[in-house]
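Convention: sequence-line order gives letters A, B, ...; per-chain numbering from 1. Remember, predicted model here, so these are calculated numbers, not experimental data.
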There are 2 protein chains.
Amino acid sequence: MNPAPRRAATILDVAAAAGVSRQTVTRALHEMPGIAVATRERVLAAAAELDYRPSRFGRGLVKPGARTLGLLVADLANPYYPELASRVLREAGAAGWHVVLAEPGTSDVVETGVDAVLSFTGRAFVAPRGAPNLPVVEVGVEPDRADCPGCPTSRHARVRLDLAPAVHAAVAHLVAAGVRSPVLHEARGRSTPSRRVGLFRDAFAAAGIPVRVVPAGTATPAGSDAVVAFNDVGAFGVLRELRQAGVAVPESVRVVGVDGLTIGRYVTPRPSTLALDMAEVATVALEQVFALAEGRASASGTTERCPTRRVEHRFVVGESG
Amino acid sequence: MNPAPRRAATILDVAAAAGVSRQTVTRALHEMPGIAVATRERVLAAAAELDYRPSRFGRGLVKPGARTLGLLVADLANPYYPELASRVLREAGAAGWHVVLAEPGTSDVVETGVDAVLSFTGRAFVAPRGAPNLPVVEVGVEPDRADCPGCPTSRHARVRLDLAPAVHAAVAHLVAAGVRSPVLHEARGRSTPSRRVGLFRDAFAAAGIPVRVVPAGTATPAGSDAVVAFNDVGAFGVLRELRQAGVAVPESVRVVGVDGLTIGRYVTPRPSTLALDMAEVATVALEQVFALAEGRASASGTTERCPTRRVEHRFVVGESG
DNA sequence: CTGAAAGCGCTTACAG
DNA sequence: CTGAAAGCGCTTACAG
């Protein structure tokens with residue numbers, strides 16, 4: 001019936017249609033006092049008729065609203081990211097922030113406007129044009145970089161996930177259990193060795209034990225007595241492969257993952273893992289975000305360049321290791 | 001050093017600090033042509049000094065930007081929702097929409113401004129004050145309600161997830177396999193029977209087989225020969241319980257879940273399930289969203305009230321059933 | 001290469 | 001109970 005309108009109705013259109021002024025429309029819409037019932041109904045009817053929807057921009061310009069956080073995660077298909085996102089959502093929501101979630105491909109998100117970015121992608125965040133001084137917090141396992149490319153152009157902080165203590169605990173455990181021929185999984189398609197593989201190799205080397213490094217997904221070589229998967233989902237896959245091959249875990253081969261996924265409790269045997277306290281990560285990361293957004297350089301109140309906080313993984317023995 | 005500013009710097013503050021006009025600031029920020037290099041540098045320096053961050057509201061008012069979808073999910077801890085959210089994110093992103101993700105507690109999200117809501121929460125969405133005509137699409141397994149409370153106050157559509165065909169296939173399979181004493185799990189804390197339990201009960205009744213209904217989490221009663229869990233995560237838990245009790249699956253007890261979670265491939269034995277094609281759900285739901293947001297009542301172009309589209313579950317036999 | 005003006009859609013005091 | 005005015009922060013033509 002109605003021809004498609006050339007542009008969306010504004011408050012002025014509603015006012016005209018109802019024969020009132022714009023602020024009377026505001027009153028009707030927000031159920032404010034001091035408006036005749038008949039007037040309100042007329043305005044509401046006009047709004048419905050015109051399919052009027054308030055512009056969040058017009059409103060936002062004039063009313064202080066929630067801040068918006070852009071949360072960038074590498075891959076929602078890996079339960080690691082939803083577990084983290086869930087914590088971030090709750091904590092950010094409690095602090096009055098909205099969360100726009102995106103995977104890297106869609107990360108023009110920030111261009112169109114968020115008040116801060118929390119990046120969980122494993123790759124360096126590149127501050128977009130047109131968003132100078134955008135607060136950015138990056139979370140990752142890489143060591144602190146002396147040169148921080150993000151720092152010159154934006155307010156920047158880090159959360160470093162420190163695998164080292166858990167790696168040492170895990171290797172000590174495996175060696176004590178008799179492991180002498182471990183296999184390490186490297187992320188597929190990586191050219192340079194990842195930090196986690198380096199840490200494991202060094203820890204085994206310190207015990208006089210050489211390691212084999214293979215891409216994740218590779219069948220476990222004969223003669224191996226332990227597999228350190230790249231992450232928990234990788235460990236789940238290794239366990240399935242070994243089960244199908246009829247290899248006893250942990251008797252013949254021990255398996256260790258990384259992440260500490262909640263869903264791991266349903267996998268048999270329950271994998272040993274380098275677990276991360278997701279709630280702690282969320283808390284620490286958001287403290288950095290809030291501090292940066294408020295104009296403080298870091299949660300500690302100091303104005304150091306690229307403040308970095310650490311969260312440690314913790315080795316948890318399951319049934320597989 | 002810098003005292004905390006009483007209010008955030010605006011483009012006018014930057015202009016004043018750099019000794020230029022506001023549109024010169026815009027030029028510098030957006031790297032537009034027709035500005036002296038020296039001027040640009042001066043402006044950029046002033047912006048950095050004042051920690052200037054453009055207002056997304058000011059900008060949004062004047063430039064057409066991405067639309068924002070509010071995606072409401074019941075519980076990110078259940079992998080079902082991340083799997084769905086992941087699809088929605090990608091498809092919405094490809095269509096130029098941002099996605100604000102929230103769990104129900106935080107759902108004042110919509111108040112502050114989204115252009116549409118996609119609700120996956122299992123409970124009826126209540127349109128907020130101050131957001132008349134907000135397009136809302138609800139996805140759920142409940143049957144169509146003749147009275148749709150959302151419809152009078154907002155543009156509204158549905159996606160109904162239809163369990164019936166898969167339930168019939170599953171029950172036929174179980175009965176053929178010899179099941180005569182099945183247990184159905186009901187969601188905990190529910191007062192009224194859920195649709196899925198009703199469907200299973202009726203299908204078993206049609207085969208002359210009575211069922212027991214117990215709350216999810218209840219230990220499997222002795223004498224049972226099948227458990228229909230409330231969802232896949234529930235089925236994972238049942239499998240773990242049975243394994244610990246030394247019950248053979250599927251020989252002694254068969255187990256069926258609902259959802260078709262990807263992560264199920266790592267659970268032993270891999271559970272039979274009423275699987276949902278998440279990509280299809282996302283596609284169909286977003287078609288409804290886009291249609292409503294554009295002012296059409298439904299994707300089909302008709303202006304029917306509360307248009308509803310269906311997506312069917314599909315029974316997938318795993319190792320547990 | 002730079003600036004004065006207009007306008008995006010809304011809400012908040014302030015009058016009447 | 002209702003309206004005229006001002007202003008939120010930005011960008012886009014248009015002058016010069």
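The CZ-P distance, from Arg7(B) to dG7(D), rounds to 14 Å in whole Å. The distance between atom CG of Leu61(A) and atom P of dG7(D), rounded to the nearest whole Å, is 14 Å. When rounded to the nearest whole Å, the span between NE2 of His30(A) and C1' of dC10(C) equals 8 Å. Rounded to whole Å, atom P of dC10(C) lies 8 Å from atom CZ of Arg59(A). Put simply, CG on Leu12(B) is 13 Å from C1' on dA4(C), counting in whole angstrom units. Atom-to-atom, CD1 of Ile35(A) to P of dT2(D) comes out at 6 Å; the value is rounded to the nearest Å. Rounded to whole Å, the distance from CZ on Arg56(A) to C1' on dC8(D) is 17 Å. Leu29(A) has its CG atom 16 Å from the C1' atom of dT12(C), to the nearest Å.
Partner of Thr283(A) under the side chain to side chain donor-acceptor pair (under 3.5 Å) criterion, out of Arg87(A), Glu91(A), Gln288(A): Glu91(A) alone.
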Practice task
Could you walk me through whether Arg56(A) and Thr68(B) pass side-chain hydrogen bond (donor to acceptor under 3.5 Å, both in side chains), step by step?
Solution key: CA-CA 10 Å; Arg56(A) 69 169 182 280; Thr68(B) 299; 3.0 Å; yes
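For the contact set between residues 14-28 of chain A and DNA chain C, defined by any heavy atom under 4.0 Å, the members are Arg22(A), Gln23(A), Thr26(A). Within residues 38-46 of chain A, no residue approaches DNA chain C, by heavy-atom distance under 4.0 Å.
Closest approach to the Ile11(B) side chain among dT2(D), dT11(D), dT12(D) is made by dT11(D) (side chain taken as heavy atoms from C-beta onward). Distance from the side chain of Thr10(A) is smallest to dG9(C) among dT11(D), dT2(C), dG9(C).
Using a 4.5 Å heavy-atom threshold, the side chains of Asp51(A) and Arg53(A) count as touching. Between Glu103(A) and Asp75(A), the closest side-chain pair of non-hydrogen atoms falls below 4.5 Å. Side chains of Leu69(A) and Val117(A) form no contact here, defined as non-hydrogen atoms less than 4.5 Å apart. Proximity of Tyr80(B) to Leu276(B): side-chain heavy atoms (C-beta onward) are separated by under 4.5 Å at one or more points. At a threshold of 4.5 Å between non-hydrogen side-chain atoms, the residues Thr39(A) and Val20(A) count as touching.
At the phosphate of dT12(D), OP1 or OP2 sits under 4.0 Å from a side-chain N or O atom of Lys63(B).
Across all strands shown, dA13(D) remains unpaired; no Watson-Crick or G-U wobble contact has both distances below 3.5 Å. dA4(C) is unpaired under the Watson-Crick or G-U wobble criterion, no partner having all donor-acceptor distances under 3.5 Å.
Summarising the geometry of Asp115(A) relative to Pro135(A), their closest heavy-atom pair is O-CD, 3.3 Å, with the distance given to 0.1 Å. Residue Arg195(B) comes nearest to Val141(B) through the heavy atom pair CD-O, 2.8 Å, listed as atom of the first residue, atom of the second, then distance.
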